[in-house]
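One is the number of the first residue; the rest follow in order along the sequence. Counting starts at 1 for both ligands and their atoms, following the listed order.
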Amino acid sequence: METYRLYIDGHFVDAEGGRTKPSINPFDGEAIADIPVASPGDAEKAIAAARRAFDEGPWPGMSGEERSALIGALAARMKERQKELAANEARDSGGTIAKCGADAYLAQRQMAWFGEMAKRYNAEAREIEGMSRPGRSFNYTIREPIGVCASIIPWNFPLLMAVWKLGPALATGNTVVLKPASDTPLNALELARIVDEIGFPPGVINIIAGPGGSIGEAMTTSPLVDKVAFTGSTEVGRDIMAKAAGTLKKVTLECGGKSANIVLHDANWDIAVDGSIFASFYHQGQVCESGTRLLLPKDQHDEFVGQMVAKLEALPMGDPLDPATRLGPVVSERHMATVLDYIELGKKEGATLACGGARATEGPLGKGYFIQPTVFTDVTNDMRIAQEEIFGPVLCVLRYDSEEEAVSIANDSIFGLGGGVWSEDLDHAREIAARLRTGTVWINDWHLLSERMPFGGYKQSGIGREFGEEGLNEYTEVKALHVDDTRTRDNKPWYDMLVPREKTDA
Ligand code: NAP
Ligand code: MG
């Protein structure tokens with residue numbers, strides 16, 4: 001069994017006291033690797049290393065080209081090891097090999113993009129329009145790194161989330177302490193090995209695995225940390241924001257969602273039926289921006305649900321490493337129990353099961369954490385299953401009379417991460433999209449994200465954006481510069497308010 005270690009200040013080290021725990025494959029409950037369990041003391045060492053690397057190391061002062069070369073080399077090595085990273089991820093998280101393969105491909109491509117962005121960011125001095133006058137003054141802003149970033153990521157996209165946090169921090173000259181989720185630490189720790197091969201200056205990237213409750217606290221309260229970047233549940237997001245307040249850290253949060261998927265009356269069902277399945281059941285529904293509330297016109301409801309259910313019941317469940325598998329297990333036994341509790345809640349609240357509704361245990365599935373794809377109809381938006389994030393293969397279907405009502409149901413949520421509209425009339429779909437209070441809306445598609453496009457949540461789905469120019473800006477401070485170009489006292493009458501001008505003979 002593979003043994004991993006913490007990566008602190010350019011060295012692989014054991015956790016304090018040598019504590020370890022196994023990482024579990026959710027397909028069969030077997031241990032696949034031995035993982036260090038960091039303590040708050042280990043987190044403090046990692047934070048101190050990142051602080052030194054920022055304050056004294058070469059990293060923040062390196063040119064964009066120099067940083068770009070190292071980030072580019074990291075991306076290239078990730079590309080070479082793509083297949084291995086994909087298989088690691090499938091075994092650690094239960095994601096299908098198709099999903100994890102796509103993630104490993106995207107991870108190296110996105111890291112390469114951040115490498116390219118590193119060049120641009122150092123060079124960028126923006127003149128302030130209308131202020132600068134030749135011979136008088138020059139006024140501009142530059143963007144500088146914030147400092148030490150504490151990055152905390154979830155278990156649903158372990159490798160991609162590591163890239164989403166490391167990429168922008170490194171591209172803009174910050175140093176990082178990254179903590180993967182306890183359920184899926186493998187690829188972050190594997191990434192540490194790649195980082196080590198590339199030869200970043202020590203302390204620029206530190207990767208520590210351990211419990212969020214204890215080392216997460218050290219990361220969010222330490223006075224040596226300047227920014228916390230978090231992806232995970234809204235509940236933990238709130239806690240992190242409160243803790244970071246003590247030292248006024250910059251905070252970006254990517255939290256939960258309960259995104260509405262609105263099928264309009266004129267939708268093309270060739271794509272809307274499969275698209276709605278993709279929207280809600282991709283990665284067993286463990287995606288923050290999934291379309292988990294499907295809104296259907298009343299008169300089309302039964303036929304649409306019927307077509308979906310027939311397809312869902314035919315989706316092969318099995319070993320994530322088998323290319324034929326379409327649905328894998330959920331991430332852990334504990335998470336399976338949470339999702340099954342929500343299914344019981346849905347029944348109690350009066351929703352109707354159109355399919356699924358239980359653990360899947362046939363043959364080899366019995367050893368793993370499999371849940372049947374589950375569709376609830378007769379859901380009303382005030383039910384807890386319609387308001388809370390279930391984060392599993394459970395879809396809630398709601399009926400609507402008018403588009404007015406559909407928009408109002410869609411927006412009746414504490415969340416605002418994603419949303420979707422299916423229609424043949426693109427202008428009309430865009431009008432509906434404009435009324436949805438969410439950070440992303442797909443029209444006739446779902447889940448597509450790009451490193452060039454900002455992603456993030458309205459309302460309690462988060463604060464700030466990842467990706468795009470907006471995402472990079474979240475890792476920078478803005479410095480305003482005024483450069484006097486007159487070099488004479490004559491041009492500074494404002495000094496007279498305090499310092500009387502000396503009379504000169506000239
Ligand atoms: P979680 O409990 O919020 O955990 C996310 C990360 O935070 C993990 O690394 C966790 O460490 C850590 N953590 C837990 N408690 C902490 C604390 N008090 N202080 C600091 N860090 C702490 O969420 P999860 O159960 O892993 O993931 C499922 C949830 O994440 C879903 O509800 C979903 O909405 C959300 N999510 C959102 C997005 C997005 O982009 N918006 C993406 C993915 C997931 P441990 O693993 O050690 O507990
Ligand atoms: Mg695992």
Side-chain angles (χ1 to χ4, degrees), residues 15 21 23-24 35-40 43 92-93 95 103 150-165 177-188 207-222 225 228-244 249 251-259 282-290 292 330-332 334-339 342 387-392 394 413-418 438-440 447 449 454-467 471:
K21 68 164 203 122
S23 195
I24 303 296
I35 303 297
V37 181
S39 66
D92 203 24
S93 71
D103 289 357
S151 303
I152 301 174
I153 58 175
W155 42 256
N156 55 349
F157 290 84
L159 183 62
L160 277 177
M161 291 299 113
V163 170
W164 289 30
K165 298 291 182 270
V177 178
L178 174 76
K179 187 199 101 59
S182 294
D183 282 326
T184 56
L186 236 65
N187 266 345
I207 301 181
I208 54 173
S214 58
I215 70 169
E217 163 128 17
M219 292 169 75
T220 47
T221 57
S222 167
V225 171
V228 184
F230 167 77
T231 298
S233 60
T234 292
E235 193 187 351
V236 173
R238 288 187 195 113
D239 185 47
I240 285 179
M241 197 169 163
K243 287 186 177 136
K249 293 188 201 322
V251 175
T252 44
L253 306 171
E254 296 286 348
C255 298
K258 194 77 189 181
S259 302
Y282 185 57
H283 194 35
Q284 295 78 257
Q286 303 167 119
V287 187
C288 50
E289 36 72 340
S290 290
T292 47
V330 298
V331 72
S332 67
R334 188 173 58 107
H335 189 57
M336 177 175 69
T338 306
V339 175
Y342 269 112
Q387 288 293 329
E388 296 175 20
E389 190 171 50
I390 300 173
F391 227 62
V394 182
S413 168
I414 62 162
F415 299 115
L417 193 56
T438 72
T440 296
H447 289 314
L449 302 174
F455 173 69
Y458 284 21
K459 301 194 265 182
Q460 294 189 42
S461 284
I463 294 181
R465 292 293 178 271
E466 297 190 279
F467 283 157

Protein contact to atom 3 (O) of ligand 1 [nearest heavy atom, distance to 0.1 Å]
S233 OG, 2.6 Å
List the steps, then state whether side chain to side chain contact (heavy atoms under 4.5 Å, CB included) holds for F157 with V287.
CA-CA 8 Å; F157 290 84; V287 187; 3.8 Å; yes
Parallel under 30°, tilted from 30 to 60°, perpendicular over 60°: which one fits the rings of H335 and F391?
perpendicular
For C288 and C255 the tightest heavy-atom approach is CB-O, 3.9 Å
Would you say that P211 contacts V37 through its side chain, given a criterion of any heavy-atom pair below 4.5 Å between the two side chains?
yes
Using a strict cut-off of 4.0 Å, indicate which atoms of ligand 1 neighbour a heavy atom of N156.
42 (C), 43 (C), 44 (C)
When distances are taken from atom 10 (C) of ligand 1, the protein heavy atom at minimum range is K179 NZ, 4.0 Å
Any K165 side-chain heavy atom under 4.5 Å of L178 side chain
yes
Is the shortest side-chain heavy-atom distance between I152 and V236 below 4.5 Å?
no
What I'd like to find out is whether the side chain of I390 reaches to under 4.5 Å of the side chain of K258, using heavy atoms alone.
yes
Between F157 and ligand 1, find which residue part has any heavy-atom pair under 4.0 Å and reply side chain, backbone, both or neither.
neither
Working to the nearest 0.5 Å, report the span between CG of N156 and CD of Q284.
11.0 Å
Report the nearest protein non-hydrogen atom to atom 41 (N) of ligand 1: residue, atom name, distance rounded to 0.1 Å.
C255 O, 2.3 Å
If you measure every N or O of D183 against every N or O of ligand 1, does any of those distances drop under 3.5 Å?
no
For the pair V330 and Q286, evaluate side chain to side chain contact (heavy atoms under 4.5 Å, CB included) and give the outcome as yes or no after the intermediate values.
CA-CA 8 Å; V330 298; Q286 303 167 119; 3.4 Å; yes
Kindly compute the distance separating CD1 (I215) from CD1 (I208), expressed to the nearest 0.5 Å.
4.0 Å
Can you tell which of V236, L253, L178, L417 gets a heavy atom nearest to atom 15 (N) of ligand 1?
V236
Under 4.0 Å from one or more heavy atoms of F230, ligand 1 contributes atoms 3 (O), 5 (C), 6 (C), 7 (O)
Out of G213, G212, G457, G256, whose heavy atom is nearest to atom 21 (N) of ligand 1?
G212
If hydrogens are left out, which of T338, I153, V37, V331 has an atom nearest to atom 6 (C) of ligand 1, that is, the closest non-hydrogen atom?
I153
Any atom of ligand 1 sitting under 4.0 Å from a heavy atom of P211?
yes
For ligand 1 and D239, I'd like to know whether there is a polar contact (N/O to N/O, distance under 3.5 Å).
yes
For a 4.5 angstrom cut-off between non-hydrogen side-chain atoms, does E254 reach L417?
yes
Record the part of E389 in heavy-atom contact with ligand 1 below 4.0 Å; permitted values are side chain, backbone, both and neither.
side chain
Nearest heavy atom to atom 39 (C) of ligand 1 wins, so pick from G418, G210, G257, C288.
C288
T220-ligand 1 polar pair, N/O distance under 3.5 Å:
no
Numbered atoms and elements of ligand 1 in range of F391, under 4.0 angstrom, heavy atoms:
28 (C), 31 (C), 33 (C), 34 (O), 36 (N), 44 (C)
For I240 and ligand 1, does the shortest N/O to N/O distance drop below 3.5 Å?
no
Kindly indicate whether the side chain of L159, heavy atoms from C-beta on, has any atom under 4.5 Å from the side chain of D103.
no
Evaluating non-hydrogen atoms only, which member of P154, G232, S182 is closest to atom 36 (N) of ligand 1?
G232
Which part of T231 is near ligand 1, with near meaning a heavy atom under 4.0 Å away: side chain, backbone, both or neither?
both
Quick note on ligand 1: atoms under 4.0 Å from a heavy atom of E254 include exactly 37 (C), 38 (C), 39 (C), 40 (O), 41 (N)
N/O to N/O below 3.5 Å, does that happen between W155 and ligand 1?
yes
Closest to atom 12 (C) of ligand 1 among protein heavy atoms sits I152 CG2, 3.6 Å
Are E217 and P40 side-chain neighbours, meaning at least one heavy-atom pair lies under 4.5 Å?
no
Could you tell me how the ring of F467 sits relative to the ring of W164: parallel (under 30°), tilted (30 to 60°) or perpendicular (over 60°)?
tilted
Looking only at distances, can you tell me whether any N or O atom of E217, backbone or side chain, sits closer than 3.5 Å to an N or O atom of ligand 1?
no
